[in-house]
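Scroll down for the structure; my scribbles are underneath it.
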Amino acid sequence: MRWTLPNTLTALRLLAAPGVAVLFLYFSRPLADWFALLLFISAAVTDWFDGYIARTWALESKLGAMLDPIADKAMVLIALMVIVGYSSMSPWLVLPATMILFREVFVSGMREFLGSVAGTLKVTRLAKWKTTFQMVAIAVLFAQGVFEHYLAVSIEGLNTETVSAILNRESADLHGLLWKQQGMVYAGHIGLTLLWIAALLTLITGWDYFNKALPHLKDGK
């Protein structure tokens with residue numbers, strides 16, 4: 001095994017995956033949301049850099065080829081688990097997250113069964129777009145959590161009538177409620193839209209992988 005710079009970046013990304021969840025144990029919100037957002041973005045950026053460096057410097061290795069998809073899946077699935085866990089359990093969020101989780105478990109099970117044959121089933125460009133949409137969606141949803149909790153902090157101590165008047169633009173916004181509410185709403189809508197696109201791409205690429213694997217799943221005569 002070669003322990004190269006790309007492999008080191010991939011390993012750090014793999015360690016960052018559970019770190020996203022651990023942050024919520026040691027920090028209160030919205031600080032935990034901020035740290036999770038920054039950690040997730042940093043890890044997502046290394047996903048591009050480690051592949052670029054490996055290709056440009058001819059540092060591609062079997063260890064990197066194994067760790068890279070594991071790190072990607074760990075980052076996405078753990079982050080989704082955290083977001084769903086701290087959400088209101090809206091079906092609009094839970095359903096695409098479930099679709100993504102189901103596909104990853106299903107494909108991972110097929111790869112384990114196929115063994116060495118799995119390496120011959122090439123990853124398509126659409127699968128890379130799927131990962132990109134997943135990571136961008138998750139980053140935006142973490143940003144929604146930041147807006148949501150800054151809004152909650154700003155509202156604290158204000159009576160319902162005052163908050164309603166400000167949000168309905170019937171009163172001067174001296175507490176900065178409007179931009180925080182708009183940030184929360186837009187981030188939520190954009191994040192959910194991207195997550196649904198990612199979920200659909202996830203199902204399409206999962207079906208494509210299943211079709212490619214079918215000849216290897218048939219019983220011999």
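Computed from a predicted model, the values in this text were never measured in an experiment.
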Quick one: do [X] and [Y] end up in the same hydrophobic cluster if we chain Ile, Leu, Val, Met, Phe, Trp and Tyr together by side-chain heavy atoms under 4.5 Å apart?
X	Y	result
Val20	Leu15	no
Phe142	Tyr26	yes
Val76	Leu95	yes
Tyr186	Leu192	no
Val45	Leu38	no

Looking at [X], I'd like to know if its [atom1] atom is crowded, meaning that more than 12 non-hydrogen atoms belonging to other residues, nucleotides or ligands lie closer than 6.0 Å.
X	atom1	value
Glu170	CD	yes
Trp34	CH2	no
Trp48	CH2	yes

Side chain of [X], backbone of [Y]: donor and acceptor closer than 3.5 Å?
X	Y	result
Thr205	Thr202	yes
Ser87	Val84	yes
Thr98	Val94	yes
Trp196	Gly191	no

key: Results of side chain to side chain donor-acceptor pair (under 3.5 Å) for Asn211 - residues two or more places apart only   =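 For Asn211, no residue satisfies side chain to side chain donor-acceptor pair (under 3.5 Å) once neighbours in sequence are set aside.
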request  = Give me the other members of the hydrophobic cluster that Leu194 sits in, counting Ile, Leu, Val, Met, Phe, Trp and Tyr linked by side-chain heavy atoms under 4.5 Å, directly or via other members.
outcome  = Leu126, Trp129, Phe133, Val136, Val140, Ile190, Ile197, Leu201, Ile204
query = Which other residues end up in the same hydrophobic cluster as Phe147, if Ile, Leu, Val, Met, Phe, Trp and Tyr are linked when side-chain heavy atoms come under 4.5 Å apart?
reply =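 The other cluster members (ILVMFWY side chains, heavy atoms under 4.5 Å, direct or chained) are Leu151, Ile155, Leu158, Val163, Ile166, Leu167, Leu177, Leu178, Trp179, Met184, Val185.
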Taking every non-hydrogen atom, the tightest pair across [X] and [Y]:
X	Y	value
Ile78	Ala17	CG2-O, 3.3 Å
Leu39	Ala16	CD2-O, 3.7 Å
Leu23	Ala32	O-CB, 4.0 Å
Met75	Ala43	CE-CB, 3.6 Å
Ala198	Lys130	O-CG, 4.0 Å
Phe40	Met135	CE2-O, 3.1 Å

Kindly compute the distance separating [atom1] ([X]) from [atom2] ([Y]), expressed to the nearest 0.5 Å.
X	Y	atom1	atom2	result
Leu195	Trp92	CG	CH2	12.5 Å
Met66	Thr10	CE	OG1	10.0 Å
His149	Ser154	NE2	OG	12.5 Å
Phe49	Thr56	CZ	OG1	10.5 Å

Counterpart residues, salt bridge (charged side-chain N to carboxylate O under 4.0 Å, His left out), relative to Asp208 (two or more places apart) =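 Result, salt bridge (charged side-chain N to carboxylate O under 4.0 Å, His left out) vs Asp208: Lys212.
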message = For Arg29, give me all partners under salt bridge (charged side-chain N to carboxylate O under 4.0 Å, His left out), at least two apart in sequence or on another chain.
response =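 Partners of Arg29 under the salt bridge (charged side-chain N to carboxylate O under 4.0 Å, His left out) test: Asp33.
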message = Parallel, tilted or perpendicular, judged at 30° and 60°: which one describes the rings of Phe27 and Phe35?
response =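 Ring orientation of Phe27 relative to Phe35: perpendicular.
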inquiry  = Is any side-chain heavy atom of Leu101 closer than 4.5 Å to one of Leu80?
reply    = no
request  = Can you run down the salt bridge (charged side-chain N to carboxylate O under 4.0 Å, His left out) pairs that involve residues 68-94, sequence neighbours left out, and say none if there aren't any?
outcome  =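 Sorted result for residues 68-94: Arg13-Asp68, Arg13-Asp72, Lys73-Glu104.
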message = Just to verify, which of Val82, Val105, Ile100 counts as forming a side chain to side chain contact (heavy atoms under 4.5 Å, CB included) with Leu77?
response =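 Option passing the side chain to side chain contact (heavy atoms under 4.5 Å, CB included) with Leu77: Ile100.
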key: Step-by-step side chain to side chain contact (heavy atoms under 4.5 Å, CB included) determination, Thr46 to Leu12   = CA-CA 9 Å; Thr46 66; Leu12 290 174; over 6 Å; no
